[in-house]
Amino acid sequence: MTVRVRFAPSPTGYLHVGGARTALYNWLFARSEGGTFLLRSDDTDAERSTPEYAADILDGLRWLGLDWDEGIEVGGPHAPYRQSQRLERYREVASELVAAGRAYWSLADPEALERWRKEARDQGRAPAYDGSLEPPPEEVERRLAAGERATVRFRVPRPGRTEFSDVVRGDMSFEHTQVEDFVILRSNGTPTYHLASTVDDVDFGITHVIRGEDLLSSTPKHILITRAMGAEPPTYAHLSLLMGPDGKKLSKRHGDTAVAAFRAAGYLPEALVNYLALLGWSPGDEETIVSRDEMIRRFDLADVSRNPAIFDMDKLQWMNGVYIRAMTPDEFVDRIMPWIAEDLGREPTAEELRILHEIAPHVQERTKLLAEAADQVRFLLVDEVVYDERSWSKVMKGDAPRALDGAIAALSELDEWTIESIESALRGMLEREGLSARKGLQPIRVAVSGSTVSPPLFESLAALGRRRTLERIRRARDRLTA
RNA sequence: GGCCCCGUCGUCUAGCGGCCUAGGACGCUGGCCUCUCAAGCCAGUAGCGCCGGUUCGAAUCCGGUCGGGGCUACCA
């Protein structure tokens, strides 16, 4: 049997890292099994679904490199893949279930239902509605005929229980007294999640349902519907949830968890994928940096952890740095370009591009987030450097004037402007002035870059060019006197 | 309240009855390197929630307890 899995987001919110991880595990499983990864849209909640969210989800998946073989935008034998376009099918299944006695039109009074549930809870019973509040059949028939709107509820067989084996959690068993006669069709004729999702899984031939643990206790409902449709339930695998640093379910409270936000901050998709993959799955040995191919080769659903995982921004950031350092300098320049252009408000010139490529290796190893790179190279691209006042007051004192004067003298008479010649000129200056490298070079760094923190000095000056270097040192020297 | 899931360093995890003096990674601390910051290298820090039981032997199996989480909608 060929594996068929799906990722079925509801476009009622942007794609967040939790959803991305679920999609990733589905994708990894499909790829490792040579199966099909399907993307569908569970958009039965017309109120809350928006095209913007739908687009964000697709963008995010593509950016992460999680390509799908069937579904939205790519089509396939079961199109359409949007639930909003399959409403007729769900109504059809609902009426078949009613006809077969597996579901019924429900006219229970909402307030009475609420009281019933409260009472059950107060008495320590499960607040699972069992259909006992329904009017007699003749009355139901009459009111329905009179045009009254009703929901359709699934008739959960009681006594009874549903058992299944979850790939990551093991054997599960739910007493039906804990499962209520749940609504499958709303009174407005639209299906609930339980119906739509299950019908799609059956119709699309889904073999493995890999999803968040929040759906674990709904699984009996899905199995009940599946069997009532005369189908065999798929294999289920429920992934533990992602938590924030406080141990609570990851949400907006913990900052922006949107995949798009990570992208904008300068995270690399390969780093995010690597991090997410290891958040709940381990290849078994001591590897931390795992390539995509390696993941596919070694991924096994049975190795997925049952523990909830706290999303650790520090580790992700470290990993992003590892991936950034692994790039070639040219690739690095290419990838930081969007941030550079935004920072500059224009595209860099050919000369600026040359400078960027020259300094790239040195900036690269200091970058954890692509967005930071723009800050580090800004001094090479602007006409006038902006001094960081804290840096200025820290180093522009004591021997600073001598260092700056000495640097101007030493650099002015240089024949060639290379990293080596600059270094030997400045080291000679330090020697003559009797200054330590630390004391003598920091003022120059601030004069040229505006900050006590910058890429290596000699390399920076070489990239900046003689004219601009001298200009900046003189300007700083003047400011120091003034 | 009811049902369900989970419980190894601060965090992610390896561990599947003896190989565990519990391993790795991030973080943190110290050192080396060094023109700043990084990177790199070295060292250190820190954990089997608790109580019983099974066993010659338990982080590993069982029971209980405590703690955390999820679900409990005409949301998904």
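Just so it is clear: chains get the letters A, B, ... in the order the sequence lines come, proteins before strands, and each one is counted from 1.
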Taking only side-chain N and O atoms of [X], does any of them lie within less than 4.0 angstrom of OP1 or OP2 on [N]?
X	N	result
A/K439	B/C35	no
A/T44	B/A76	yes
A/R427	B/C35	yes
A/R153	B/C74	yes
A/R438	B/U36	yes
A/R325	B/G40	yes
A/N307	B/C6	no

Using whole Å, what does the distance between atom [atom2] of nucleotide [N] and atom [atom1] of [X] come to?
X	N	atom1	atom2	answer
A/M243	B/C5	CE	P	15 Å
A/E175	B/C4	CD	C1'	13 Å
A/L195	B/A76	CG	P	11 Å
A/I359	B/C35	CD1	C1'	13 Å
A/E213	B/U72	CD	P	13 Å

Next on the checklist: If you assign each of A/F174 and A/S305 to its closest nucleotide in RNA chain B, which residue comes earlier from the 5' end?
Outcome noted: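 It is A/F174, whose closest nucleotide lies nearer the 5' terminus.
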Checklist entry - Taking the nucleotide of RNA chain B with the closest heavy atom to each, which residue, A/G280 or A/L216, is nearer the 5' end? => result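 In this pair, the answer is A/L216.
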Checklist entry - Side chains of A/S197 and A/R40: is there a donor and an acceptor less than 3.5 Å apart? => result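 Side-chain D/A pair, A/S197 to A/R40: present.
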Item to check | A/S84-A/D43 side chain donor-acceptor pair, cut-off 3.5 Å | outcome: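 Present: a donor and an acceptor within the cut-off.
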Is [X] touching bases, backbone alone, or none of the nucleic acid, heavy atoms closer than 4.0 Å?
X	value
A/M172	sugar-phosphate
A/S282	sugar-phosphate
A/E372	nothing
A/T151	base
A/P455	base
A/Q178	sugar-phosphate
A/L430	nothing

Is the shortest distance from a Lys or Arg side-chain nitrogen in [X] or [Y] to a carboxylate oxygen in the other one below 4.0 Å?
X	Y	value
A/E433	A/R402	yes
A/E372	A/R366	no
A/R117	A/E114	no
A/R6	A/D201	yes

Next on the checklist: Would you measure the distance from the C1' atom in B/G64 across to the matching atom in B/G70 and give it in whole Å?
Outcome noted: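 Their C1' atoms lie roughly 23 Å apart.
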Item to check | Euclidean distance for C1', B/C61 against B/U29 (whole angstrom) | outcome: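 Roughly 39 Å separates the two C1' atoms.
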Item to check | Assigned partner base of B/U11, Watson-Crick or wobble definition, under 3.5 Å | outcome: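 In the structure as shown, B/U11 has B/A25 as its Watson-Crick or wobble partner.
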Checklist entry - Which of the following nucleotides, B/C35, B/G2, B/G7, is nearest to the side chain of A/P456? => result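 The answer is B/C35.
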Checklist entry - Of the nucleotides B/G23, B/C35, B/G27, which one has an atom closest to the side chain of A/D314? => result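 Nucleotide nearest to A/D314's side chain: B/G27.
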